[in-house]
Amino acid sequence: MRISELARQTGVTPRALRYYEEQGLLRPSRSASGYRRYDSQAVITVRHIQLLISAGLNTMAIAEILPCVPDDVTVLAPTCPELLDALAQERIRITGSIERLAAARDILDRLIEAGDRS
DNA sequence: GTTCTTACA
DNA sequence: TGTAAGTA
């Protein structure tokens, strides 16, 4: 299928699909005219990509763990140590982000309370 | 008409 | 990420 069809089936814009390719997440073949050709498997792969992005992983991390996911897997699950490790690592990363945000919120709370009293 | 690349906001 | 230009 061509890019617009994959976009239709996944809800991902052609722009984003080209970006995924640029980031090494998709490897579409090319027609003689230069058009990208995606197999039906790409639909599943894009769904995996979307799921991992939803989980907060950046494209670099996804590019590293995507090859670890078998093509016939429709429900993404940690099938290899690398994937499990990448997910655990991402969890650690976002935990740090949450802590920094919470600290920022505490500061804002103090500032807001100080404002209320003056 | 659709898609491609490149580039800018 | 959206959009525009100029092609194939």
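The sequence lines fix the lettering, A, B, ..., with proteins before strands; numbering per chain opens at 1.
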Send over the distance from [X] [atom1] to [N] [atom2], rounded to a whole Å.
X       : N     : atom1 : atom2 : value
A:Glu21 : B:dT6 : CD    : P     : 12 Å
A:Glu22 : B:dT5 : CD    : P     : 10 Å
A:Arg18 : C:dT1 : CZ    : P     : 12 Å
A:Tyr19 : B:dT5 : OH    : C1'   : 17 Å
A:Leu17 : C:dG2 : CG    : C1'   : 14 Å
A:Asn58 : C:dT1 : CG    : P     : 14 Å
A:Leu6  : B:dC4 : CG    : P     : 11 Å

What pair of heavy atoms forms the shortest contact from [X] to [Y], and how long is it?
X       : Y       : answer
A:Leu52 : A:Leu66 : CD1-CD1, 4.3 Å
A:Leu83 : A:Cys68 : CB-SG, 3.8 Å
A:Glu21 : A:Tyr38 : OE1-OH, 4.4 Å

For the [atom1] atom of [X] and the [atom2] atom of [Y], what is their distance to the nearest 0.5 Å?
X       : Y       : atom1 : atom2 : result
A:Asp39 : A:Arg27 : CG    : CZ    : 14.0 Å
A:Leu6  : A:Leu17 : CG    : CG    : 5.0 Å
A:Arg15 : A:Ile3  : CZ    : CD1   : 10.5 Å
A:Arg36 : A:Arg18 : CZ    : CZ    : 5.5 Å

Problem set entry | Contact residues, residues 35-45 of chain A to DNA chain B [heavy atom, < 4.0 Å] |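 Residues of residues 35-45 of chain A under 4.0 Å from DNA chain B: A:Tyr35, A:Arg36.
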
For this session: Check whether any side-chain nitrogen or oxygen of A:Ser33 sits under 4.0 Å from OP1 or OP2 of B:dC4, and answer yes or no.
Result: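 The answer is no; no side-chain N or O of A:Ser33 sits under 4.0 Å from OP1 or OP2.
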
Exercise. Are there more than 12 heavy atoms of other residues, nucleotides or ligands under 6.0 Å from atom CZ of A:Arg30?
Worked result: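 Count over threshold, so yes.
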
Exercise. Where the side chain of A:Arg30 is defined as all heavy atoms beyond and including C-beta, which of B:dT5, B:dT3, C:dT1 is the nearest nucleotide?
Worked result: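 Among the listed nucleotides, the one closest to the side chain of A:Arg30 is B:dT5.
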
For this session: Tell me the stems DNA chain B sits in, counting at least three consecutive Watson-Crick or G-U wobble pairs, each under 3.5 Å on both distances.
Result: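 So the stems come out as B:4-9 with C:1-6.
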
For this session: Report whether A:Leu57 and A:Tyr19 are members of the same hydrophobic cluster (ILVMFWY, side-chain heavy atoms less than 4.5 Å apart, transitive linking).
Result: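 Shared cluster, yes.
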
Problem set entry | Under-3.5 Å donor-acceptor pair between A:Arg2 side chain and B:dT3 base |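 Check fails, no donor-acceptor contact within cut-off.
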
